[in-house]
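Okay, structure first, notes after.
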Amino acid sequence: MMNKTSSQEKPVNAGDAKPEKQAFHIDKDGIRAAAKKLGDGAVTSGYKGNRQEIIDMLNDALATELVCVLRYKRHYYTATGLENQSIKAEFLEHALEEQTHADQIAERIVQLNGEPDFNPGQLESRSHAEYDDSSDIKAMIRANLVAERIAIETYRQMIAYIGDNDPTTRQMLVGIMAAEEEHADDMHDLLE
């Protein structure tokens, strides 16, 4: 007599079997050890980034943001004419947003146990973008568009370098880069 397989029974292939999922368990000893190192502030033993390199990158980004604040403020105060009032307002809005970026970066540097470098004598040499003292409105807009494009590419490179080693810094930089992209769009629209 021949053995027949019931229609409800399916042969089991090796590829059909699902591996058992490993349960996630918090390393309580690691957590307790991290809690004891109060002098490290927010930086725990699980932090994977090169802290000093990231602090140095952030200080250069801080210098860039501060130079951008100064450039936008100068353009705001020196742009003249009734036809340029909306452009002046855009310059001021961007200056305030760049200041917010600078504040976020400075705060992150402190969280990483670093010191934000606000030395005015070194800002221009550390900044990726340039200061601009144009008096022509189109030249001002162009200078700001160039600076925004520089900031976008700088942040893109920083984000790629950091990868998953410092998710908090990465997330902050992604947010700042998105704002810089909006600024570039605004400046591009003003040139048309």
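Not measured: the values here are computed from a predicted model.
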Check residues 185-192 and write down every donor-acceptor pair under 3.5 Å in which the side-chain atom is one partner and the other belongs to a residue at least two apart or another chain.
| unit_1 | atom_1 | unit_2 | atom_2 | d |
| --- | --- | --- | --- | --- |
| Asp186 | OD2 | His94 | NE2 | 3.0 |

Of all residues at least two apart in sequence or in a different chain, which pass the side-chain contact (heavy atoms from CB on, under 4.5 Å) check with [X]?
X      : result
Thr80  : none
Asn165 : Lys48
Val174 : Ile159, Arg170

Taking atom types as modelled and ignoring hydrogens, do the side chains of [X] and [Y] form a donor-acceptor contact shorter than 3.5 angstrom?
X      : Y      : value
Asn144 : Glu148 : no
Asp136 : Ser134 : no
His183 : Glu90  : no

For this session: With sequence neighbours excluded, give me every side chain to side chain donor-acceptor pair (under 3.5 Å) pair touching residues 108-121.
Result: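 For residues 108-121: Arg108-Gln111, Arg108-Asp166, Arg108-Thr169, Asp117-Arg126.
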For this session: List for me each residue that meets salt bridge (Lys or Arg N to Asp or Glu O under 4.0 Å) alongside Glu153, sequence neighbours excluded, and say none if there are none.
Result: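 In terms of salt bridge (Lys or Arg N to Asp or Glu O under 4.0 Å), with neighbours along the sequence ignored, Glu153 is linked to Arg156.
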For this session: Verify the neighbour count for atom CD of Gln171: are there more than 12 heavy atoms of other residues, nucleotides or ligands below 6.0 Å?
Result: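 Atom CD in Gln171 is not packed in, count stays at 12 or less.
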Exercise. Under the criterion side-chain contact (heavy atoms from CB on, under 4.5 Å), which of Gln104, Met158, His101 is the partner of Leu173?
Worked result: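 Result for side-chain contact (heavy atoms from CB on, under 4.5 Å) with Leu173: Met158.
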For this session: Output the distance between atom OG (Ser127) and atom CD (Glu65), rounded to the nearest 0.5 Å.
Result: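 Reported to 0.5 Å precision, the distance equals 9.0 Å.
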